[in-house]
Structures are given as C-alpha cells and as structure tokens.
Amino acid sequence: MATPHINAKDGAFAETILMPGDPLRAQLIAETFLEGAEQVTNVRNIFGYTGSYKGKRLSVMAHGMGIPSASIYTTELVKDYGVKNIIRIGSCGAVTPDIKLRELFVAMGASTDSKVNRMRFHDHDYAAIADYTLLRTVVDTAAEQGKKITVGNVFSADLFYGVQPNMLEVLARMQVNVIEMELAGIYSVAAQYGARAVGILTVSDIIPTGEATSAEERQTSFRDMMEVALDAAVK
Ligand code: HPA
C-alpha cells in the first residue's frame with residue numbers, strides 16, 4: 001500500500017536499499033550501476049528504483065536533506081515496505097585534521113544537535129550507532145578494494161549554515177570527525193523499527209579551512225564510494 005510519501009506497489013523495494021540525499025543521484029545510480037532498474041516511486045520527485053547488482057535485487061532511493069526528511073522516507077521504507085538494510089551514501093565536511101578531502105568515511109556513531117532522539121528516548125541521550133554487521137562489511141569491502149576508509153563518529157547537524165565556530169573545536173576535541181545532516185535520524189529509525197543501517201560518506205569539504213572538492217574530484221570520490229557501497233550491499 002502506498003504511504004503518504006512513497007507511491008510504490010507492495011514488494012516494490014528490495015530488502016537492501018542505497019540512499020543518497022539527491023533524487024537525481026538516485027536516478028544516476030540506477031541508470032549507471034543497476035541492471036533492469038525500474039522506477040517504483042516518484043512522489044515529490046524523490047525517485048526510487050529497484051533493479052539488480054551482481055545478480056542480487058537492490059533498490060536505490062533518495063532521502064532528501066536533513067533528519068526530518070530522511071526519517072520520513074526510512075520509516076516508511078522499513079515499516080510499510082519491509083526494507084531491512086539501509087546504506088546511506090552521502091557527503092560530509094571534515095572537522096579534524098586527520099580526515100582529508102575525497103577520503104571515505106563510515107559512521108560508527110552519530111552525535112547530533114537535533115532533539116529527535118531525546119523525543120524517542122524519554123529525554124535521555126541515545127547512542128545512535130551503525131549496525132555492526134553492515135559496518136564491518138563496509139570496512140572489509142573497502143579493504144578488499146584497497147581503499148582507505150576511516151571509521152568514526154559523525155555530527156548530524158540541523159544547521160548547514162551557521163554552525164558556531166566554537167562547536168568545531170568541541171567536535172574535534174571529542175573526536176567527532178565529520179559533519180553531515182542525516183545519520184543520527186536514520187540510525188535511530190532503523191533501531192526503532194527493527195532494520196539495520198550504515199552510512200558511507202565522501203569528504204567534500206574541510207570545514208575549518210573552507211577547502212572543497214572540484215566537480216571532477218567529486219565524481220572520482222563518488223565512484224570510489226559507490227564501488228564500496230554496491231559490493232557491500234550484495235554481500
Ligand atoms: N555540513 C553539513 N553537511 C555537509 C557538509 C557540511 O559542511 N558538507 C557536506 N555535507
């Protein structure tokens with residue numbers, strides 16, 4: 001049955017789904033990497049597709065930007081469409097000097113300034129974490145492909161503009177390596193509804209210095225991330 005934000009038929013999604021933020025990126029992934037991909041939902045132009053990769057059924061759908069948007073789509077996918085494994089593929093800004101432009105990062109945990117997990121958790125501090133099996137599969141896959149990947153803590157920020165400079169110091173001191181905007185929501189949705197989730201990120205900018213990847217570099221690091229995500233998804 002369709003949900004308020006997804007108009008796919010029952011059974012239209014595979015058990016495993018790759019989720020970028022951007023709907024056009026979902027379309028590009030479906031067209032470039034999946035065999036026999038069919039578009040299964042298009043509400044609000046948040047496109048979703050199901051096809052196969054290396055003989056295994058696989059879906060891809062955008063989750064939009066920010067915790068509220070990502071929480072809506074992941075909740076409906078898990079609760080109403082039976083999705084079991086969510087792999088977010090996105091970008092992040094680095095805040096600690098050990099993390100460099102274009103590198104791959106996998107989020108073991110997600111800290112946040114959002115209140116969503118306090119709302120879920122009787123105002124206590126929920127530790128939003130990746131599913132260990134998925135995390136390990138991602139790390140093993142990157143190693144098999146000879147790619148460097150850093151495992152660490154992300155900050156899922158509600159503000160893209162206006163993160164306070166002293167917050168960057170706090171993040172670095174607490175060894176929170178990168179900022180993105182969704183995983184603290186996605187990890188807790190997965191926990192709440194009984195699915196597994198992991199987030200793989202490419203470093204698109206270094207926040208303290210303002211350094212950013214060129215369009216060409218973004219393409220290369222995107223391809224590196226996709227090779228890891230696709231192989232991990234079908235293991
Ligand atoms: N902030 C939040 N999300 C991001 C950033 C950032 O600086 N860069 C890439 N995703």
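What you are looking at is a predicted structure, and each value in this text was computed from that prediction instead of being measured. Just so you know, ligand 1 is whichever comes first in the structure, and atom 1 is the first atom listed for that ligand.
- Between F47 and V60 there is no side-chain heavy-atom pair separated by less than 4.5 Å.
- Side-chain contact between M61 and V40 is absent, with no heavy atoms from C-beta onward closer than 4.5 Å.
- In summary, the atoms of ligand 1 found under 4.0 Å from a heavy atom of I207, numbered by their order in the structure, are 7 (O).
- When atom types are taken as modelled, the side chain of E182 and the backbone of G66 share a donor-acceptor pair closer than 3.5 angstrom.
- Residue S91 has at least one heavy-atom neighbour below 4.0 Å for each of these atoms of ligand 1: 9 (C), 10 (N).
- The option from S156, G21, G93 that lies nearest to atom 5 (C) of ligand 1, judged by heavy atoms, is G93.
- Closest to atom 6 (C) of ligand 1, if we only count protein heavy atoms, is F160 CE1, 3.8 Å.
- When each atom of ligand 1 is checked for a heavy atom of D205 under 4.0 Å away, the hits are 7 (O), 8 (N), 9 (C).
- Ligand-side atoms of ligand 1 in range of S204: 8 (N), 9 (C), range being under 4.0 angstrom from any heavy atom.
- The neighbour count for M174 CE, taken as heavy atoms of other residues, nucleotides or ligands under 6.0 Å away, does not exceed 12.
- Taking a cut-off of under 4.0 Å to the non-hydrogen atoms of E180, the atoms of ligand 1 that pass are 3 (N).
- Side-chain N/O atoms of S188 and R120 include a donor and acceptor closer than 3.5 Å.
- Protein heavy atom in closest approach to atom 4 (C) of ligand 1: I179 O, 3.6 Å.
- No hydrogens or angles considered: a donor-acceptor pair under 3.5 Å links the side chains of D231 and Q145.
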